[in-house]
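Single-structure report; data block below.
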Amino acid sequence: MNRSRERILARVRAALADVPRDEEPAPVAVPPGRAATDGLVDLFADRLEHYRARPVRVGAADLPEAVAAALRRRGAGRVVVPADLPEEWTSRCEAELVADDGLDPAALDAVDGVVTGCAVAVAATGTIVLDGGAAQGRRALTLVPDYHLCVVDAARIVADVPDAVARLSPVRPLTWISGPSATSDIELNRVEGVHGPRTLEVLIVSSPGTGA
Amino acid sequence: MSRTFLGMPPFPKAAEAAVADAQLRHNLHRATRTIRRTRGRAVAEVDDWEALRAAGAAIKDRTLRHLDRYLEQLEEAVTAAGGHVHWAVDAAEANAVVTELVRATGHREVVKVKSMATQEIGLNEALAEAGITAYETDLAELIVQLAEDRPSHILVPAIHRNRAEIREIFLRAMADWGRPAPADLTDDPRALAEAARRHLRERFLTAKVAVSGANFAVAETGTLVVLESEGNGRMCLTLPETLISVVGIEKLVPTWRDLEVFLRLLPRSSTGERMNPYTSMWTGVAPGDGPREFHLVLLDNGRTDVLADAVGRQTLRCIRCSACLNVCPVYERAGGHAYGSVYPGPIGAILTPQLRGTASEADAALPYASSLCGACFEVCPVAIDIPEVLVHLRERVVEQGGRPGERALLAAASWTLGDERRLAWAQRAAGAVRSLVPRRLPLGPAAAWTDTRDLPEIPAEPFRDWWARREKEDGR
Amino acid sequence: MRIALFVTCVNDTLFPRTGQAVVRLLERLGHEVVFPAGQTCCGQMHYNTGYRRDAQRLAVRFVETFADHDVVLAPSGSCAAMVRDNYPRLAPAGSRLGRAAAEVAPRVLDLSELLVDVLGVTDVGAYFPHRVAYHPTCHGMRLLGLGDRPLRLLRAVRGLELVELPDAEECCGFGGTFAVKNPAVSAAMGWDKARNAAATGAEVLCAVDNSCLMHIGGVLRRQRSGMRVMHLAEILASTEKEAVR
Ligand code: SF4
């Protein structure tokens, strides 16, 4: 197998005979993304609507009630949460909370939903990024249950994709989520809901001082 | 098992059959119109799309010009993050590597995320020979697999099927592969998606080994990236214990920050969305989250030949968005199968003959499967000048000889056009017999024209004779 | 202004009316037209089919023939594009052809470019009392970037009613040797183009390239459609006095 490695690298070098040996990779001018403006939260919410991801905006003090109300509306009796989800978020919930301690896929399939936070959110594309950090848990948590309730602190919303990439660390496993699971495989029309959570709801929490 | 493309007739013949298939043309017409509109809207929303496109092309060019060092960098980063890197010169070697890796796990079933690279090398067939069953999990791939069909589009391999056909396929074949489709299945796309969800659910939850490709591999960090919509990708990349990713050596981008350019270009070009529903990024293995073992198989399989051609090299910028297929008027009418490869449409017409060579009649016909209208170049998010590469490959085909009829005709044309007196003589000769030329001709290229179109009338006097006469009359 | 006409081999041989219309139009606008007699063909067919050396020979001939002319009119979008876009590619770097092509190529213009950009007219004083649809040919649109120049010229024609062509930007399927190498697809594209054209109810389908019009016109005639095809030059050359046909 090492032979193949050497063979491929030799072939690559031979193929690049026209590239001067001392050429250094040229820097590339990249146009910036959308500028950060005041309306980021509105934009983010608008984009989520577009994906039918049902954004709800709440003040920090109202978050526990909003989480409880969302789960009630959904009829979710048992929900899984990352072990480090702030207790306060679910303090008003009637649903049974299952803290993840390495549940197997079948066990995850048996719960009614999952509640998490997120690492970063992107206004221009309506994207939530999870990096397995605080209040997010491992990737399977937000994948197997059919309902995902995601709490997004407005302070975590950035304008565009370049800002998000700059904030994230690739050392962590990342999941970028833009709306519920969907497919365009039937006549190239978008249909929501295949393997991932078919319902995504987002609570946008305005933090004091962000003006959101 | 999907059928392979071996033994397909060359493009003009296959396309002729496709053009005659009214259902196929209707399906393709509808689907490509839909996606053209959505792509157009998504792209128009970005102010500096052209600059972004130029940046995408430049980053890919930079990668390709220094590919050796980026490959080594990627290998180092993946290894440092706990992954294993394998190198495969060709399809046979890649298939052998993957088969061996699957065998070593002791399992005989793998779940698959849609991947062009594994289709290109015929991995499913190779695994089947080794007694390993590969389950396609992307909805369109599932349709193709269940129907024992061939893929006809990069992004939506079952684009040639409409909802009614998909319903029939599900009813007929799902039971052979696992959970059957419900007997009362309708052709509502929502119901079809639900049937696929149920059919694959159990499989995902119990899968131990997954095989994927990748849209991007970041040399600097060793990060692999998969963009998808349905969540089947996340299932495969997250739940199994072992993950094997087969990735072409051209999929690299140099740095983590470079990625953002492609995350802005690809979804809008591909499905016409601001962002696709799910993008997964992983670097080696993450303790307590996802597979415990990760293998990256780096695939050459002809790519270094493409790299060696200064004009053809730009083909390797391709990020497989399929925008060029969706706007191509030839693809819309010929369908994907006519291209005789897993890579159909304009990108297929330039990539396949470079990967496989132009020795066979089928591969030599591909560079000619275009009217050179340039619609593909216009939409390509990494600005691949597809018409330029097509013409370049036509030159290669001409250089290899053969085709005596065409050669003689073009040589005669070249001789006639090489001198204005010879041209004038030929024009007058044609003018002299002009009343004898019928509207339909029986043979060769003339018949190919007159089967469907009338010939223009040959004028009594060519322009240059008119001009000369006028000059004389004017006494100039 | 003194304008060198590169009539193109297709127009010369099959569509002399277009060349004659160009001459009439430009002389009417007070310009002088010259016809360098050594001209034959730009080499497009050979280039596009992969016969590079033949194309090179024809390119050499072209640049020699037109070396001394400041403005060269090619009343065919694809021929103008061949010279401007592909001659640089056809010539090895630093070759004599390369240098000559770099000199001559930018001076080669399509009719709508010559009129609108160089001569600064959109109203050429034409009269054409018919309903017309315009088909933007691929090379005119994508390689030359003609934009709305032809439409502006047509809108200024008295009596002319311009109607919009559905799916106008889609290729007609001609594509040079493509039309005979892939006759089924080429014809399918041509028939769709003809159907869209017929749906406009126009009497005339207009374009800046007679090759494409030969293909679409061939389909229209086979369909016994009453619709005619006409080069832009012929419409612009028409006046009350000397209406074409
Ligand atoms: S060639 Fe360009 S447009 Fe076509 S699939 Fe590749 S990246 Fe997309």
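Sequence lines set the chain letters: A, B, ... in the order given, protein chains first and strands last, and positions in each chain run from 1. Keep in mind it's a predicted model, so treat the numbers as computed, not measured.
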Examine whether an atom of B:Leu423 lies under 4.5 Å from a heavy atom of chain C, and if so say whether it belongs to the side chain, the backbone or both; otherwise answer neither.
side chain

Can you tell me which portion of B:Ala413 sits under 4.5 Å from chain C's heavy atoms? Options are side chain, backbone, both or neither.
both

Would you check if B:Val19 and C:Val185 make a side-chain contact, meaning some heavy-atom pair closer than 4.5 Å?
yes

Could you label the plane-to-plane angle of the B:Trp449 and C:His215 rings as parallel, tilted or perpendicular, counting under 30° as parallel and over 60° as perpendicular?
perpendicular

CZ of C:Phe178 to SG of B:Cys373: how many Å apart, nearest 0.5 Å?
9.0 Å

Taking 4.0 angstrom as the limit, do C:Glu170 and B:Arg33 come out as a salt bridge?
yes

Just checking, is any N or O donor in the side chain of C:Ser186 or B:Arg453 under 3.5 Å from an acceptor N or O on the other one?
yes

Just jot down the ring-ring contact (aromatic ring centres under 6.0 Å, His included) partners of B:His392, sequence neighbours excluded, or say none.
none

Does the side chain of B:Glu406 reach to within under 4.5 Å of the side chain of C:Thr49, using non-hydrogen atoms?
yes

Tell me, out of C:Ala37, C:Pro16, C:Ala184, who's got the most heavy-atom pairs with chain B below 4.5 Å.
C:Pro16

Under 4.5 Å to a heavy atom of chain B? For C:Gln20 that would be both

Donor + acceptor pair across side chains of C:Tyr51, B:Glu399 (<3.5 Å):
no

Please round to the nearest 0.5 Å and tell me the distance separating atom OG of B:Ser371 and atom NE2 of C:His139.
7.5 Å

Contact winner vs chain B - C:Cys9, C:Ala179, C:Gly217, heavy-atom pairs under 4.5 Å
C:Ala179

Interface residue of largest heavy-atom contact number with chain B, from C:Thr177, C:Thr13, C:Leu143, under 4.5 Å
C:Thr13

Taking 4.5 Å as the heavy-atom cut-off, does anything in residues 55-66 of chain C contact chain B, and if so which residues?
C:Arg57, C:Leu58, C:Arg61

Salt-bridge present (B:Arg470, C:Glu27; N to O < 4.0 Å):
yes

First locate atom OG1 of C:Thr8, then atom CZ of B:Phe463, and finally report the distance between them rounded to the nearest 0.5 Å.
10.0 Å

Checking heavy atoms, do the side chain of C:Asp192, its backbone, both or neither come under 4.5 Å from chain B?
side chain

Within residues 362-369 of chain B, which positions have a heavy-atom distance to chain C below 4.5 Å?
B:Tyr368, B:Ala369

What distance separates B:Glu378 CD from C:Cys138 SG, expressed to the nearest 0.5 Å?
9.5 Å

Side chain, backbone, both or neither: which part of B:Asp451 has a non-hydrogen atom closer than 4.5 Å to chain C?
backbone

Within 6.0 Å of CZ in C:Arg96, more than 12 heavy atoms from elsewhere:
no

When you compare the side chain of C:Trp191 with that of B:Thr452, does any pair of heavy atoms fall below 4.5 Å?
yes

Does any heavy atom of chain C fall under 4.5 Å from the side chain of B:Ser370, the backbone, both, or neither of them?
backbone

Got B:Glu420 and C:Asp12 here, is their nearest side-chain heavy-atom distance under 4.5 Å?
no

Whatever's closer than 4.5 Å to a heavy atom in chain B on C:Val34 counts as backbone

Which atoms of B:Arg464 approach chain C - backbone, side chain, both or neither, heavy atom under 4.5 Å:
both

When the 4.5 angstrom heavy-atom criterion is applied to B:Arg25 and chain C, the contacting part is side chain

When heavy-atom pairs shorter than 4.5 Å are enumerated against chain B, which of C:Cys171, C:Cys41, C:Gly38 gives the highest number?
C:Gly38

Part of B:Arg428 within contact of chain C (heavy atom distance under 4.5 Å):
neither

The criterion is side chain to side chain contact (heavy atoms under 4.5 Å, CB included); which residues satisfy it with B:Ala57, sequence neighbours excluded?
B:Arg317, B:Ala383

Heavy-atom side-chain contact between B:Trp467 and C:Val7 under 4.5 Å:
no

